[in-house]
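Following: one structure in structure tokens, then a few remarks.
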Protein chains: 2
Amino acid sequence: MDIAAYMAEVGQQAREAATAVARSTTAIRNQALLATAEALDAARPELAAANTKDLDSGRSNGLDDAMLDRLELTPARIDTMIEGLRQVASLPDPIGEITGMTYRPSGIQVGRMRVPLGVIGIIYESRPNVTVEAASLCLKSGNATILRGGSEAIHSNQAIAACLARGLSEAGLPANAVQVIKTTDRAAVGELITMPRFVDVIVPRGGKGLIERISRDARVPVIKHLDGICHVYIDSHADPEKALAVAVNSKTQRYGTCNTMETLLVDQEIAADILLLLAKAFREKGVELRGCNRTREILPDVAVASEEDWATEYLAPILAVRVVDGLDGAIGHINRYSSQHTDSIVTENYTRARRFLTEVDSSSVMVNASTRFADGFEYGLGAEIGISTDKIHARGPVGLEGLTSQKYVVFGDGHIRT
Amino acid sequence: MDIAAYMAEVGQQAREAATAVARSTTAIRNQALLATAEALDAARPELAAANTKDLDSGRSNGLDDAMLDRLELTPARIDTMIEGLRQVASLPDPIGEITGMTYRPSGIQVGRMRVPLGVIGIIYESRPNVTVEAASLCLKSGNATILRGGSEAIHSNQAIAACLARGLSEAGLPANAVQVIKTTDRAAVGELITMPRFVDVIVPRGGKGLIERISRDARVPVIKHLDGICHVYIDSHADPEKALAVAVNSKTQRYGTCNTMETLLVDQEIAADILLLLAKAFREKGVELRGCNRTREILPDVAVASEEDWATEYLAPILAVRVVDGLDGAIGHINRYSSQHTDSIVTENYTRARRFLTEVDSSSVMVNASTRFADGFEYGLGAEIGISTDKIHARGPVGLEGLTSQKYVVFGDGHIRT
């Protein structure tokens, strides 16, 4: 197989389909989403058979249990995919909205119209349900999609792709509006991320290694999500109850998510009091603490935190703890070690809250709220294609709007420039 | 000189200065802009001396007259730079604006705050006044800037940089908030566009060759502006007077600008009538026409347009003319050959105007208005750092907003996620 020729064909087909999708009405795109949901429901036997193939070859290739779990398409997961499609269909259509239309001194009227980006490439690892999630958000926002899942999920992804093709065709949209790459050859990824003629943006979903590799080699813009080293800072003017609630929830509500707190910062003025309460709460949850020297003066049993700990995304029941000199110490630490994902201050002090919001340069900054709220659903975006740690184009949770652009619209009446 | 080490130092200094600029108040940043204006006014002798050096070595290096003209800092151009700084100081500050703040079902309040991008790299050719224009927009929007001008303007740019440093210092901002690269070594550009640690976005301003080269090699997002192959389509339902006014103005108001019309499309239904009027008007302006076969049946004196003409940005008094089969023919031609910059329809027909706006995928789409309006000042942005032909981040004329990002702001009262 000539991978370059195959990918150019996929790209060309996507570009052509993108025009049709961009022109389609809201009703047609929603119809395609709902028809895909029905096609998935009707194809449960085929999905199970395809998934079994993937699971079998995964086992014989020695995939670990966590990988096999992510790969599995249980009936409940198929239900979730179907429900997800219906939810996306029910979201408002971002396309076509015109904003800011005003008259200019020349007499022309100028505003901006929201439009699709065009063709979106999605690169992801094992979980086959991402195929439906990503394709549905791209379609809803008027884009064509090229999906490249993990090679271990190839049969499952092709079975899902067949349902998407059926849904699109039933709505009268080109089946090429969503294409799942048919080869597991790694060279296909290399082509996908270097075809600016055919692909407008790449959204990689997966581990840091994958995303770094793609960002480095891409010749197409990448909406990327690197690590989440999130902080909670407990200020000396914090309400202790809120501090305890926010800190414990930020760490323990889920350990493996990017918006989980990895380092707790405590103002030295209240460290002696609050750290004893916090240590008790974290011990009860089974969280291992690693502290700076001043933390260990208060909590002698705590292990030493090294320089590396401040820069680590544990994704595990481990928490680094540092006593800092007030707000300046906290902001200094955060702007040095934070991955600019999500950081929260607990305080009752108006001026400190305001300074934290302004001076912490992260995609989400919070006052008296758990970092776990940094999420497209919690923010009301309806759905999320990822969380961007970039500043360009989209920052923080990326919903439908992040998959669109705006063009200028000008109305005149024979107006000329003089 | 170790270019890599020098550029890393420049980058590090910019990153540090960016934090101070981002935290500075509107008043301080405006003060720096106004103090720079005064410094430029006071430094007229130094500016003239530095510019003379550049002009002398330009002449001995054989620069052509057009290049030498762009390089010259006449007293009038210095006036324009000073006036530009005052205008930018008078624009509203985009930074800190919070929008969309709403309560979520969980009880948290979520909105978005506009923030600077951080460090912006500007790469440009001969005109030294770009140094002030670009630096002032970046500073107003809370960013630090690294500027790399043409080597032929190095003395002029350094003299301007000294004025910027004075203005910044007088306002109490770090002089490193605006740095003009001191070496003419080309390797400095290679470093600048591959330092994502220090540079958040690159804005190249110059010819297509420069921009393509930078886009190809950059490891940092690029806000790019490629060519402007702009179209006017005269529909069969056009008002002939408006058609004539818009077509002539779009081509002849200025020839060398990116928003000048390069191809005129005429519906075959009215071609016979309108082309005679148009040909007369263009002949009077000295514009050479190149036409398709159907154009030449009506205007036999016109030269043949080749396939290459449809894809050419003339930037000259030459116009390609094509007779098309109605709106579909026009949209088909535009979406094939347009550089997605600016395209305009002349029509009195509501449905055709609406279809043109929706189906033409360009950064500016117009009805009954000259393509020459596609400009940051005309659109009310106050100023313009460039016109983006990208869809990611910023599309069309880019003003202060295009140099910013938005972060999520969350207010809670001890809220946790359940």
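Order of the sequence lines fixes the chain letters, A, B, ..., with proteins taken first and strands second; residue numbering starts at 1 for each chain.
For a residue to count as touching a neighbouring chain, one of its non-hydrogen atoms must lie under 4.5 Å from one of that chain's; by this rule B:Val246 touches chain A with backbone and side chain alike. Interface remark: A:Glu359 contributes backbone and side-chain atoms alike to the contact with chain B (heavy atom separation under 4.5 Å). A:Thr418 touches chain B through its backbone: at least one of N, CA, C or O sits under 4.5 Å from a heavy atom, while the side chain does not. Contact annotation for A:Val367: both backbone and side-chain heavy atoms come within less than 4.5 Å of a heavy atom of chain B. With a threshold of 4.5 angstrom between heavy atoms, A:Ser362 approaches chain B through N, CA, C or O but not through any side-chain atom. When heavy atoms are compared at a cutoff of 4.5 Å, A:Val115 approaches chain B solely by way of its side chain, counted from C-beta outward.
More than 12 heavy atoms of other residues, nucleotides or ligands shown are found within 6.0 angstrom of OH on A:Tyr255.
Considering A:Ser363, A:Ser364, A:Ser338 as possible partners of A:Asp343, the one that fulfils the side-chain hydrogen bond (donor to acceptor under 3.5 Å, both in side chains) test is A:Ser338.
Using a 4.0 Å cut-off between charged side-chain N and carboxylate O, B:Arg355 and B:Asp328 make a salt bridge.
For chain B, the option among A:Met366, A:Arg372, A:Arg104 with the highest count of heavy-atom pairs below 4.5 Å is A:Arg104.
Note that the CG atom of A:Leu117 and the SG atom of A:Cys138 stand 9.0 Å from one another [nearest 0.5 Å].
B:Asn349 and B:Thr347 form no side-chain donor-acceptor contact under 3.5 Å, judged by distance and modelled atom types alone.
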